[in-house]
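Below: one structure, written as structure tokens.
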Amino acid sequence: MSHTPANLRRRRIVMAGTAVAAAPALFNIARAQGAAIKIGFPVPLTGAFSAEAQDQVRAAELAVKEWNAAGGHKGQMAELLVRDDKLNPGEAATRTLELIEKDKVNFVVGSLSAATQLSINAVTKERKVLFNSISQSDTINEAKDWSLYTFHEALNPHLTAGAVGRYAFPKFGKKVVYLTADYAYGHEMVRGFQRAGAGLGVQTLADIRHPLGAADYSAFLPRIQALKPDILVLCNFGRDLVNSAKQATDFGLKQGTKIIAPVLLYTSRQAGGADAFEGILGGTSYYWGMEDKIPSAKKFNDAFRKAYNGSVPSDYGALGYAGIRSVLQAVKDADATDSTRVSIALRQLKYDWYKGPQFYRKCDHQSVQSVVIVESKSKNMKDKNDVFNVLAIEAADEKNLRTCEEMGHKVTT
Amino acid sequence: MEITPSLLALQLVTGIALGAVYALLAIGLSLIFGMLTVVNFAHGAFFMVGAFIGLYFMGLTGNFWFSLVLTPLVVGALGLVTERFLVRPLYGRGIDYPLLLTFGLSWVLIEAMRVMFGIEGLPSSTPPELRGAVDLGIGFFPKYRLFLIFATAVVVLALWLFLEKTRYGLIVRAGSRDGEICKVLGIDIARVWLVVFGIGTAIAGLSGVLAAPTRAVNPEMGIHVLAESFVVTVVGGMGSLPGAVLAGLLVGIVFSLTSLFAPDLAELSIFVLMAVVLLLRPQGFFGKQGLMS
């Protein structure tokens, strides 16, 4: 009678042993199926561009939700890890390093300034983690900053200013004055306009530099008035654009001079109001109102409206959406989650997420895309979102970018 | 570039309009300093609050003029509360106590506006009757900025009449000379200081409403303005009202003319002006010596 308990004991020990031995294997299988694909998303949730950054997050979350709802990749879901970079390059680098080292993200998408994207890129390049930048910069694609893992979803100053120039110079005249914020962004924009104008016989009457963040521009305006330009280009951004546009309007410069801006943002226009921006023309990567011309825009807007109480996505918001969708699509195409294979798949990608056909140029990974030329409305607005007229959409074309050689890339295929 | 006499003249008028806002801000700052010896670091924040409240009333009533009257009263009331409950307990403790307090208060006000109106700020527009530009014969100039010059002149005149020609003005002036003697004579000096602080902040609020149509209204708009109005106050002489007006106009004109010839140096020019004045005449144009000690 005594062997039964011993038997039982032995059986129990064997069973327990098997269970312990099998556990790591089971655990591994569960991990392989369930571990999320993590995407780090550093953006300036606090600081001057927080309204835009919050919209980037909303749109990025929508992209992740849609992808997960469609089944993810072989049962693997995506997860967005949003971090606040406070619009500070140092903070952005630290947060990115944390995302990679501590949170073990697979990819990084994000940024909303020329400076933070370069510091994020420095970290991701070093760690060989794929980074898709969603804000404007000319330098990130240049050979000295670029790597196989660096992608640029947003427009760049050269392309944006060029498109606005190509549209405006033939229509409004050849005598141009620039009022420029005195930092890299402003200078890059002026260069973009001047390149576009060179072949068109455009004459620069003056390039007046103002300090970044100036509240009053009136002291520059009598001179501009006296120069009688056909076009006044405001090469500044955000509040500077609102202030200078408002004051130029007050000085009556709109009689006889067309005011244009390289970048006319949906959020700036909302903050500045209809009067200040009336009749001002500019470029943007996206405007929701292009949905009657572009089917993918309609699809994106509808999904956004449905997710966020009928509100429409802003230009920078839409970039958050596209930045995430491209990377997740490349995961499927590569059938992998490591940055090298996903980067190679991303190089091949041809996509139309929200604004017509796009692709990444092979030599520098700049997204070749359309530029939307819009004009601010002050009359006949249907609702508070109806702020621009879409005047033209310059189709995606590689020839509007600086050449690969000019960017310092030797290989062009 | 050709510099014509009419361009120079227009640049001068632009400078005067700019200077009008500086002068108005500096008057409030100088009034408070001259009477109470309080360096009010929240002055820029009161200016900003004035701009926001002004827009709020404009939105509510659709009337700029109504807002122009009401806003200084509200901001002035805020000033009264600030003096009574925050600044008053610090009298007699040295100049840096109220300085630090008002510095902190300015950030509280900035954050409060962020919470109430959003971080992006509010769009502002020029009242319809003052929109557009008029031809001055030397070029086009915004009607609204002419109105700014006029409004500043009215405020300065009213303040001068109040201080020089009324009985209460006499008490205020006496209080600034010697508070102790006033007390002995049976004057409630604490009340005089309360009123002066209220008037000073009300003028800051008024400058906020007046400046709102010319620029973007956002919670940080007062920070820049504060630095400039301190320059004006120092150049004019701490505590001197005529000094504040004169220096305000001078700073506006210097900024404007530098913008014409060397736009890159415009920002710097007013600080150079301040440095030169401090070297040649440390107390400013009309300042009393030793006020800060």
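Source: prediction; values computed, not measured.
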- Which atom names give the shortest non-hydrogen contact between A/L205 and A/K175, and what distance separates them?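 The answer is CD1-CB, 3.9 Å.
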Side-chain ion pair, [X] and [Y], N-O less than 4.0 Å:
{"X": "A/E61", "Y": "A/R58", "value": "no"}
{"X": "A/E91", "Y": "A/R83", "value": "no"}
{"X": "A/D275", "Y": "A/K246", "value": "no"}

- Message: With a 6.0 Å cut-off on the ring centroids, do B/F140 and A/F251 count as close?
- Response: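 For B/F140 and A/F251, the ring centres are not under 6.0 Å apart.
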- Message: Between B/F41 and B/F230 (judged by ring centroids, cut-off 6.0 Å), do the two rings come close enough to count as a pair?
- Response: yes
- If one checks every heavy atom of B/Y144 against chain A at 4.5 Å, the contacting part turns out to be neither
- Query: What part of B/S124 is in contact with chain A, defined as an atom under 4.5 angstrom from a non-hydrogen atom: side chain, backbone, both or neither?
  - Reply: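 Looking at B/S124, backbone and side chain both touch chain A.
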- Classify the angle between the aromatic ring planes of A/F220 and A/H210 as parallel (below 30°), tilted (30 to 60°) or perpendicular (above 60°).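 Correct class here is tilted.
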- Message: Quick check on A/A271 against chain B: is it the side chain, the backbone, both or neither that has a heavy atom closer than 4.5 Å?
- Response: both
For chain B, find which of [options] contributes the most heavy-atom pairs closer than 4.5 angstrom.
{"options": "A/R209, A/Q225, A/Q270, A/Q255", "result": "A/Q225"}
{"options": "A/A206, A/G273, A/P222", "result": "A/P222"}
{"options": "A/S244, A/S218, A/S268, A/A226", "result": "A/S218"}

- Taking atom types as modelled and ignoring hydrogens, do the side chains of A/Y321 and A/D55 form a donor-acceptor contact shorter than 3.5 angstrom? no
Closest-packed option against chain A by number of heavy-atom pairs under 4.5 Å, given [options]:
{"options": "B/L18, B/T126, B/V134, B/T4", "result": "B/L18"}
{"options": "B/N218, B/V21, B/L257", "result": "B/N218"}
{"options": "B/S256, B/A133, B/A216, B/G15", "result": "B/A216"}

- Message: Using the salt bridge (charged side-chain N to carboxylate O under 4.0 Å, His left out) definition, which of the options A/K254, A/K377, A/K379 pairs with A/E278?
- Response: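 By the salt bridge (charged side-chain N to carboxylate O under 4.0 Å, His left out) criterion, A/E278 pairs with just one of A/K254, A/K377, A/K379: A/K379.
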- Residue-level interface, residues 262-270 of chain B with chain A, non-hydrogen cut-off under 4.5 Å: B/P263, B/D264, B/E267
- Could I get the full list of salt bridge (Lys or Arg N to Asp or Glu O under 4.0 Å) partners for A/K382, not counting sequence neighbours?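 Testing A/K382 for salt bridge (Lys or Arg N to Asp or Glu O under 4.0 Å), a comparison that skips the adjacent residues, returns none.
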